[in-house]
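Chain naming here is simple, since letters A, B, ... match the order of the sequence lines and numbering starts at 1 in each. Only heavy atoms go into these numbers, but all of them, side chains included; no hydrogens, no water, no symmetry mates.
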Amino acid sequence: MSAEKIVGTGRGNRFLRVVLYAVLILFALYYLLPLYVMVVNSVKPLDEIRQGDMLSLPQIFTLEPWAKAWSSAQIGVQPTGLRPYFFNSILMVVPAVAISTILGALNGYVLTKWRFRGDDVVFGLILLSCFIPFQIALIPAARILGMLGLAGTTTGLVLIHVVYGLGFTTLFFRNYYAAFPTELVRAAQIDGARFFQIFRRILLPSSAPIIVVTVIWQFTNIWNDFLFGVSFGDFDSLPMTVALNNLVSSSGGVKEYNVHFAGAILAALPTLIVYIVSGRYFVRGLMAGAVKG
Amino acid sequence: MSRNRLQDLIPRLVLSPSLALILIFVYAFILYTLYLSMTDSRMLPSYGFVGFENYEKLWNLRHWWRALGNLAIFGSLYIVICSVLGLFLAILLDQKIRGEGFLRPIYLYPMALSFIVTGTAWKWFLDPGIGLESTMHQWGWTGFEFAWIKDRNLAIYTVVIAAVWQSSGFVMAMFLAGLRGVDGEIIKAAQMDGASNVTIYRRIIIPMMRPVFLSAFVVLAHLAIKSYDLVVALTGGGPGQATELPATFMYSYTFTRNQMGIGASSAIIMLVMIFSIIIPYLYSELRPGRQR
Amino acid sequence: MAFLKIENLRKSFGKVDVLKGIDLEIEEGGFLVLVGPSGCGKSTLLNTIAGLEAISSGSISIAGKVVNDLHPSERDIAMVFQSYALYPNMTVAENIGFGMEIRGVPKPERDKAIAKVAETLQIGQLLTRKPSQLSGGQRQRVAMGRALVREPQVFLFDEPLSNLDAKLRVDMRTEIKRLHQRMGTTIVYVTHDQIEAMTLATRIAVLKDGVLQQFGTPAEIYNKPANLFVADFMGSPSMNLIPATVEADGGNVGIVMQRDEGAPLVLPLANGAAVNLAARNGQKVVFGIRPEALTDPDSADRNARQVSELDCEIEVIEPAGSDTFAVTRLGGREIIARLRADAPISAGQTARLAFNLDKAVIFDPETQARIL
């Protein structure tokens with residue numbers, strides 16, 4: 001459809017085209033600059049950074065900052081590097097993403113194919129939960145986790161992330177299943193299939209695109225979360241983002257910028273890889289999050 | 001017969017755990033925090049009812065006004081710059097650009113990063129001691145000065161720079177999707193009428209982007225009010241209180257200054273701000289599109 | 001004896017009454033067509049028979065057994081949907097066999113049944129394909145196959161032909177009729193296409209706004225529509241409905257219709273009819289006559305007992321190949337007459353038209369009901 005549009009391709013405007021590309025490339029550089037700074041400075045020795053040229057390529061190439069960030073940097077009081085926190089994050093993200101996606105899929109299925117009186121009120125309540133400032137939940141959530149004996153545990157963080165991700169996962173699946181032909185569900189009912197059979201045999205096989213979108217969205221959000229991690233985590237459960245912040249903002253001692261940059265890249269790597277591998281779906285997820293539909 | 005009744009209940013049974021979680025963790029929590037905001041809670045929740053005293057205290061705190069003022073500056077600049085830049089880049093990318101598939105992901109990737117990572121990167125890049133300023137000095141431009149991040153009056157603008165860097169690509173993607181959705185025949189009709197490309201954008205296409213502007217506004221306003229991680233990583237709220245936002249204010253009053261009542265009341269104010277934007281939007285967005 | 005019986009069926013969504021007390025029945029092996037404009041409740045009625053929507057009150061029985069509270073799969077019915085509703089992730093064979101699989105029928109038995117149905121519908125070569133690889137007509141056949149394989153007591157069709165192009169639609173219509181004749185299973189069929197209704201049905205139920213307008217054989221519906229709505233809805237081009245007045249003069253009763261120019265037209269009615277109308281002297285009525293009963297004198301039905309010939313001003317001529325339609329005006333309305341293809345007639349002329357009054361009907365404009 002965009003092929004039909006002829007806007008902007010004025011004939012003979014070669015000069016304008018050059019300007020256009022120049023501007024676009026300039027912005028590309030702006031977006032790439034911080035990543036470039038992080039990468040080149042993470043493989044320089046500290047002295048080279050201190051000399052003050054952040055933009056130059058390393059004169060001496062070293063992977064030491066990476067090794068240090070990963071396994072021996074001082075984080076809080078312990079010189080453990082980011083490694084244990086990386087695994088904390090993994091242990092938190094995987095179940096939280098899985099559970100919230102499954103619940104979201106079932107919710108979307110019920111809200112579109114098994115409608116009942118008041119279902120739009122239920123959906124409205126779930127949807128609105130996407131938008132609350134989490135500060136409103138910090139104090140009571142801390143108390144509830146304490147009462148459940150989950151304070152400072154990965155399980156507690158999983159619970160929190162599942163709850164506050166439900167709004168999005170339900171929204172995604174609801175919008176997707178709303179476009180799924182209801183006649184297929186009816187045909188399956190006549191064929192004798194019941195609630196879960198219809199879900200498993202009829203809807204689920206057609207849900208791959210929205211599952212991918214939802215998983216990416218949830219993975220990115222939960223991996224990148226800081227507020228819940230810093231509020232409810234402790235050593236055995238603190239996620240990567242909090243550890244990175246502790247590494248960077250630890251006062252005292254020399255500021256090891258190269259280690260900080262290496263740590264930042266380590267913290268960014270999982271989501272960046274997901275983005276590079278499946279950017280198309282990632283963008284679609286962002287759009288869906290903007291309540292389109 | 002009884003089997004059918006059970007079957008009828010299954011959908012609601014399936015939905016109920018989620019609904020229960022949401023009702024507790026969202027709505028009951030809101031009520032609880034609302035209640036706390038009217039108590040004399042300090043380090044721990046306590047239930048001495050004090051009415052609106054915390055709100056009075058809150059609105060008398062220069063610190064809170066500073067946070068709100070910063071939010072006004074940060075929020076408006078963040079929303080305006082992201083929207084303008086996003087629309088601008090989207091229009092440029094919509095000119096049948098060779099290499100669009102290469103450029104678009106570059107504009108968008110910051111959205112995949114954690115605000116903590118973004119904050120770390122920009123923190124050191126903007127640091128006058130080792131970052132941009134010192135680099136320029138190295139390159140021979142010794143008069144170059146860029147120390148906003150250390151300046152009480154300017155530090156909030158560095159938060160804007162980093163936040164715009166992170167989000168503008170996403171706004172670009174929203175606008176690009178909007179532009180791609182414009183009916184080609186309308187554009188052809190305008191061209192038949194002899195409209196120039198600039199006129200077509202100004203008079204026809206951009207006005208048609210109204211819903212995208214609205215969506216972008218809502219998403220960005222909501223992100224701005226919630227902004228917490230970026231400030232923590234970039235400036236830690238400082239220098240002094242120069243980059244304090246309501247979200248950081250709430251956290252520090254509740255958990256480090258042991259003023260839980262005031263912290264709770266600031267959280268309620270944040271909720272009111274967000275809902276006054278979101279609820280009208282959701283209402284307008286969901287009403288006409290409803291089926292049945 | 002009624003095989004499918006629907007009594008005083010009501011259905012409401014919240015405050016909206018979609019079906020307002022429907023009574024219908026069809027004998028075993030009958031072909032019942034539910035027809036009406038969109039939103040008349042015909043699809044809802046079908047869904048309640050299928051058990052896909054709960055009813056608010058009334059009862060539905062199949063073969064003497066009330067099925068109100070039975071799950072769709074326990075009603076011994078099969079359904080063909082408008083969109084065909086083929087499961088996109090399954091092959092044709094899996095689609096057809098899904099119901100049996102759910103019921104736990106062993107695989108060899110399933111395969112046998114699938115093969116048999118595939119042979120009946122000549123879709124054997126399609127069995128391993130996915131629905132997305134099929135044409136519209138092929139999907140339609142698979143959807144029918146999925147219904148046939150159940151060997152149900154009643155088949156339900158929900159506008160099964162509306163997604164096909166015109167030619168294929170006619171072919172499939174014939175095919176459905178042939179299938180029905182061969183198997184003799186009871187069918188309930190929903191359509192908004194009145195030609196489909198006429199060609200397929202043994203009984204037609206015309207619905208409007210959730211109310212049954214008329215229930216009868218196709219001939220009854222066509223020739224003796226119960227009211228103005230049915231008269232207008234069934235038939236294409238639709239029945240001419242002309243405002244008129246009754247004029248009784250002793251034993252002679254006539255129908256008077258105004259013309260734009262010239263004297264009013266007066267059509268004398270036969271004795272039998274006259275008796276019923278004499279009491280309405282001077283009252284307004286609606287005179288209804290189908291285009292094929294209004295023709296050139298040469299084509300008029302020789303067996304008709306009562307034909308009146310009158311001169312009419314022809315405004316437009318629409319040759320349609322097999323026939324020619326002529327548009328004239330009577331009683332302030334556009335009237336369509338159906339002439340033979342080579343009738344010597346042209347626009348702007350006055351032509352002699354024959355009114356076959358045997359086929360004419362008369363309605364009360366107040367109650368809308370047919371009075372003659």
Side-chain angles (χ1 to χ4, degrees), chain A residues 1-2 4-5 7-10 20 23-24 27-28 31-32 34 37-38 49-50 52-55 103 106-107 110 114 116 122 125-126 129 131-133 135-137 139-141 163 166 194-195 220 224 226-227 241 244-245 248-249 257 260 264 267-268 271-272 275 279 283 286-287 290-291, chain B residues 7 10-12 14-15 18-19 21-22 25-26 29-30 32-33 36 89 92 95-96 103 105-107 109-110 112-114 116-117 120-122 124-125 130-131 134-135 138 170 173 177 180 184 187 197 200 215 219 222 225-226 228-229 233 236 247 250 254 260 264 267 270-271 274 278 285:
Chain A
M1 98 198 109
S2 70
E4 288 180 36
K5 278 192 282 181
V7 174
T9 45
L20 180 66
V23 171
L24 285 170
F27 273 102
Y31 287 111
L32 285 174
V37 167
M38 283 197 282
I49 300 179
R50 286 230 194 77
D53 188 350
M54 262 199 171
L55 295 178
L103 286 177
L106 287 169
N107 293 345
V110 170
W114 297 88
F116 53 89
V122 172
L125 286 172
I126 295 178
S129 75
F131 298 101
I132 61 158
Q135 280 75 14
I136 203 98
I139 307 168
V163 172
L166 269 179
R194 297 304 165 96
F195 184 86
T220 311
N224 286 343
F226 176 76
L227 183 62
T241 46
L244 172 65
N245 189 55
V248 173
S249 59
Y257 306 111
H260 297 175
T271 50
L272 266 184
Y275 172 70
V283 175
L286 288 179
M287 303 298 227
V291 197
Chain B
Q7 283 288 329
I10 283 182
R12 271 164 273 193
V14 165
L15 197 58
S18 300
L19 184 61
L21 283 175
I22 296 272
F25 279 79
V26 176
F29 280 15
I30 289 175
Y32 182 79
T33 303
L36 275 188
L89 289 176
L92 294 194
Q95 307 305 314
K96 298 226 198 93
L103 288 171
I106 291 178
Y107 294 174
Y109 86 90
L113 301 184
S114 152
I116 299 295
V117 171
T120 305
W122 283 97
W124 296 142
F125 184 66
I130 58 155
S134 125
T135 303
Q138 285 283 314
F170 167 51
R180 296 279 150 88
I187 293 165
N197 286 336
I200 290 175
S215 299
V219 171
H222 158 246
I225 298 173
K226 279 194 188 173
Y228 173 75
D229 333 10
M250 185 275 165
T254 307
M260 192 175 278
M270 289 175 64
L271 180 79
I274 289 185
I278 290 291
E285 187 79 353

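- The CG atom of B:L103 lies 6.0 Å from the CG atom of A:L24; values are rounded to the nearest 0.5 Å.
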Item to complete: For B:Y107 and A:Y31, run ring pair (Phe, Tyr, Trp, His ring centres under 6.0 Å): C-alpha distance rounded to whole Å, both residues' side-chain angles, the deciding distance at 0.1 Å, then the answer.
Response: CA-CA 6 Å; B:Y107 294 174; A:Y31 287 111; 5.3 Å; yes
Discussion item. Applying side chain to side chain contact (heavy atoms under 4.5 Å, CB included) to B:W124 and A:V248, what does each step give before you reach the verdict?
Written reply: CA-CA 10 Å; B:W124 296 142; A:V248 173; 3.9 Å; yes
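- Both the backbone and the side chain of A:V163 come within less than 4.5 Å of a heavy atom of chain B.
- Legend: residues meeting ring pair (Phe, Tyr, Trp, His ring centres under 6.0 Å) with A:F195, ordered by chain and number and at least two apart, are A:Y109, A:W114.
- With a 4.5 angstrom heavy-atom cutoff, A:L166 touches chain B only via side-chain atoms.
- Listed options A:L106, A:V37, A:I139 were ranked by heavy-atom pairs under 4.5 angstrom with chain B; first place goes to A:I139.
- Listed options A:L103, A:L272, A:I132 were ranked by heavy-atom pairs under 4.5 angstrom with chain B; first place goes to A:I132.
- One finds the CD1 atom of A:I126 at 5.5 Å from the CD1 atom of B:I22 (value rounded to the nearest 0.5 Å).
- When heavy atoms are compared at a cutoff of 4.5 Å, B:M250 approaches chain A solely by way of its side chain, counted from C-beta outward.
- When each of B:I274, B:L19, B:I30, B:I225 is scored by its heavy-atom pairs under 4.5 Å with chain A, the top score falls to B:I274.
- When the candidates B:L21, B:L36, B:T254, B:V14 are compared by the number of heavy-atom contacts under 4.5 Å with chain A, B:V14 comes out ahead.
- Between chain B and the options A:A137, A:P133, A:A264, A:A268, heavy-atom pairs under 4.5 Å are most frequent for A:P133.
- Using a 4.5 Å cut-off between heavy atoms, B:L113 touches chain A through backbone and side chain atoms alike.
- Highest contact tally toward chain A, considering only B:P110, B:P11, B:P105, B:A267, is held by B:P11 [criterion: heavy-atom pairs under 4.5 Å].
- Taking both residues in full, the closest heavy atoms of A:T220 and B:A112 are given as CG2-O, 3.9 Å, listed atom of the first, atom of the second, then distance.
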Worksheet item: Taking it one step at a time, do B:F125 and A:M38 satisfy side chain to side chain contact (heavy atoms under 4.5 Å, CB included)?
Response: CA-CA 9 Å; B:F125 184 66; A:M38 283 197 282; over 6 Å; no
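- Atom CG of residue A:N245 and atom OG1 of residue A:T241 lie 8.5 Å apart, to the nearest 0.5 angstrom.
- For B:W122, the part lying near chain A is the side chain, with the backbone staying farther off; criterion is any non-hydrogen pair under 4.5 Å.
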